[in-house]
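The structure appears below as structure tokens.
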Amino acid sequence: MKTRVKGRILCALAAVSLTYGGLVQADEWPEDNIRLVVPYSAGGTTDLLSRKMADLLQKELTTVVVENRPGAGSTIATAQLARGGRGSDHMLLMASPGHTIGASIYPSLRYDPLEDFAFVRNMINIPNVMVVPSSSPYTTVAEFIEAARTQEFSFSSPGIGSSIHMSGELFKSMTDSNLVHVPFRGSGEALPALLSGDVDVAFENMPTVYPHIKSGKLRALAVTSPTESEFLPGVPTLQEAGKEYGLETYETYAWFGFIAHKSFPAEAMVKLQAALDNVMASEEFKKFLPQFGAEAGTVVGEDFREFVQKDLEKWSDVAEKANLKR
């Protein structure tokens with residue numbers, strides 16, 4: 001009898017110890033620097049956004065170290081995160097449409113873009129803009145589509161599988177336009193070709209083309225988001241401007257959000273999300289958004305996972321129609 005009572009007491013003490021230990025772990029996280037992985041080269045939109053988010057987040061938690069790991073449309077860095085291992089409970093990755101587009105183009109990836117990750121939250125959304133050189137004779141989406149159905153035009157992007165490339169492929173398939181993709185090695189090469197008129201049109205990220213729209217070097221025909229952008233007043237959406245040509249449901253934009261390894265501790269996730277709530281409520285964050293023509297993200301946790309799943313389904317369909325799967 002005494003043995004059984006003693007055993008129950010020991011079990012109870014063990015349970016209390018485990019519970020207390022878990023609380024201590026949650027309270028102490030982060031115990032090391034947070035590593036924020038950027039799956040693209042330094043200097044691009046994803047990198048610039050990540051460094052700003054790192055600066056704001058470390059004011060809430062601890063030092064955030066940004067690491068650039070470019071390659072294969074973001075899939076190299078994402079695969080490394082999926083493998084997990086030591087330090088993964090202090091590692092985040094700034095995901096973007098490359099996360100879903102990469103999985104759409106390379107279906108044989110050694111990770112599942114949904115099941116192998118914990119989804120923290122969507123931070124920022126940036127619309128793309130359909131732009132033509134100032135020398136272009138086309139001033140509306142309707143004029144461009146009418147011409148593109150009878151003659152061939154080129155559209156540029158910073159690389160195969162970029163959100164800019166896929167935005168063009170989606171436009172092409174929905175309007176039955178004769179568009180030929182011209183990929184470049186990054187926006188640094190793609191933009192000069194567009195400005196000079198060597199390519200006819202692009203579906204570029206807002207931060208890349210906004211200064212050139214304002215200077216008159218590029219003409220904005222439409223934004224790719226479902227609502228007009230406050231930063232380009234008077235410029236219609238593609239849904240509105242192209243509704244007579246099959247674009248009534250067209251919607252693309254560059255989204256950015258944090259993901260982690262699927263084993264990321266639940267207690268740490270709660271603390272991280274609370275810190276990000278503070279970041280997004282800060283005046284510094286709100287003042288930062290206009291620099292990129294951006295809007296604050298709204299989906300968190302499992303809602304963010306569902307958001308990414310819908311994005312994956314859309315780009316898988318586009319990749320299939322454009323014969324991009326590898």
Side-chain angles (χ1 to χ4, degrees), residues 37-50 68-79 93-107 109 113 124-132 153-174 179-195 198-210 212 218 222-225 238 250-257 259 292-294 308 311-326:
V37 177
V38 180
Y40 297 99
S41 300
T45 300
T46 308
D47 178 67
L48 295 175
L49 289 173
S50 297
N68 294 87
R69 298 183 189 173
S74 84
T75 60
I76 290 178
T78 308
L93 184 140
M94 180 64 88
S96 67
H99 184 76
T100 49
I101 292 171
S104 301
I105 294 178
Y106 306 103
L109 290 174
I124 290 172
N125 298 320
I126 302 175
N128 290 350
V129 188
M130 181 181 179
V131 288
V132 295
F153 288 108
S154 58
F155 76 99
S156 59
S157 85
I160 295 173
S162 62
S163 67
I164 297 162
H165 170 211
M166 299 300 276
S167 293
E169 293 289 357
L170 181 61
F171 178 92
K172 175 182 177 179
S173 66
M174 293 180 74
L179 295 181
V180 176
H181 179 223
V182 182
F184 290 85
R185 292 179 298 181
S187 295
E189 292 185 7
L191 185 60
L194 178 64
L195 290 168
D198 289 339
V199 293
D200 299 301
V201 67
F203 299 81
E204 265 284 1
N205 291 153
M206 175 83 79
T208 303
V209 295
Y210 183 76
H212 304 290
L218 293 175
V223 293
T224 64
S225 52
L238 273 172
Y250 187 100
E251 178 182 351
T252 70
Y253 49 83
W255 54 266
F256 301 87
I259 64 173
F292 284 83
V308 172
D311 203 56
L312 176 62
E313 292 168 355
K314 175 173 70 178
W315 294 130
S316 292
D317 183 58
V318 172
E320 187 75 41
K321 290 178 179 178
N323 196 29
L324 295 173
K325 289 185 179 289
R326 300 180 179 184

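Basis for what follows: all heavy atoms, side chains included, without hydrogens, waters or symmetry-related copies.
Side-chain contact between S163 and N205: present, with at least one pair of heavy atoms (C-beta onward) separated by less than 4.5 Å. Within the 4.5 Å cutoff, side-chain heavy atoms of I126 are placed close to those of P207. Contact of the L191 side chain with the H212 side chain is registered, since non-hydrogen atoms from C-beta on lie closer than 4.5 Å. Residues L312 and P113 meet the side-chain proximity criterion, which asks for heavy atoms closer than 4.5 Å. Side-chain contact check for F171 versus L238: some heavy-atom pair is nearer than 4.5 Å.
Here the closest non-hydrogen pair linking S156 and L194 is OG-CB, 4.4 Å. Taking each heavy atom of I101 and G161 in turn, the nearest pair found is CG2-O, 2.8 Å. Of all the heavy atoms in E189 and F184, the pair that sits closest is O-CD2, 3.7 Å. Closest of all the heavy-atom pairs between P183 and I160 is CB-CG1, 4.0 Å. Shown here for G188 and P192, the closest heavy-atom pair between the two residues is O-CD, 3.2 Å. In terms of heavy-atom proximity, M174 sits nearest to Y250 at SD-CD1, 3.6 Å.
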Task: From CA spacing to verdict: side chain to side chain contact (heavy atoms under 4.5 Å, CB included), F153, V199 - done: CA-CA 8 Å; F153 288 108; V199 293; over 6 Å; no
Open item on the list: Pair M130, V201 - check side chain to side chain contact (heavy atoms under 4.5 Å, CB included), show working.
Closed with: CA-CA 7 Å; M130 181 181 179; V201 67; 4.0 Å; yes
Open item on the list: What verdict does the side chain to side chain contact (heavy atoms under 4.5 Å, CB included) test give for M166 and F203, after you've listed the backbone C-alpha separation in whole Å, the side-chain angles of each residue and the deciding distance to 0.1 Å?
Closed with: CA-CA 9 Å; M166 299 300 276; F203 299 81; over 6 Å; no
TODO: Check the pair W315, D317 against side chain to side chain contact (heavy atoms under 4.5 Å, CB included), reporting the backbone distance first and the verdict last.
DONE: CA-CA 5 Å; W315 294 130; D317 183 58; over 6 Å; no
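When atom types are taken as modelled, the side chain of D200 and the backbone of S154 share a donor-acceptor pair closer than 3.5 angstrom. Judged purely by atom type and a 3.5 angstrom limit, N68 uses its side chain to pair as donor or acceptor with the backbone of Y40. A distance-only check finds no donor-acceptor pair linking the side chain of K172 to the backbone of H181 [under 3.5 Å]. In this structure, S162 contributes its side chain and H165 its backbone to a donor-acceptor pair below 3.5 Å. A donor-acceptor pair under 3.5 Å is formed between the side chain of S50 and the backbone N or O of T46.
Applying side-chain contact (heavy atoms from CB on, under 4.5 Å) to T252 and the options T224, V223, I164 leaves one that passes, T224. Results of the side-chain contact (heavy atoms from CB on, under 4.5 Å) test with F292 over N125, L48, I124 single out L48 as the only residue that passes.
The environment of NZ in K325 is crowded: more than 12 heavy-atom neighbours from other residues, nucleotides or ligands sit within 6.0 Å.
Side-chain contact of S74 with H99: a donor-acceptor pair under 3.5 Å is absent, judged by distance alone.
Applying the side chain to side chain contact (heavy atoms under 4.5 Å, CB included) rule to Y106 yields the partners T75, L109, R326; only residues at least two apart in sequence or on another chain are considered.
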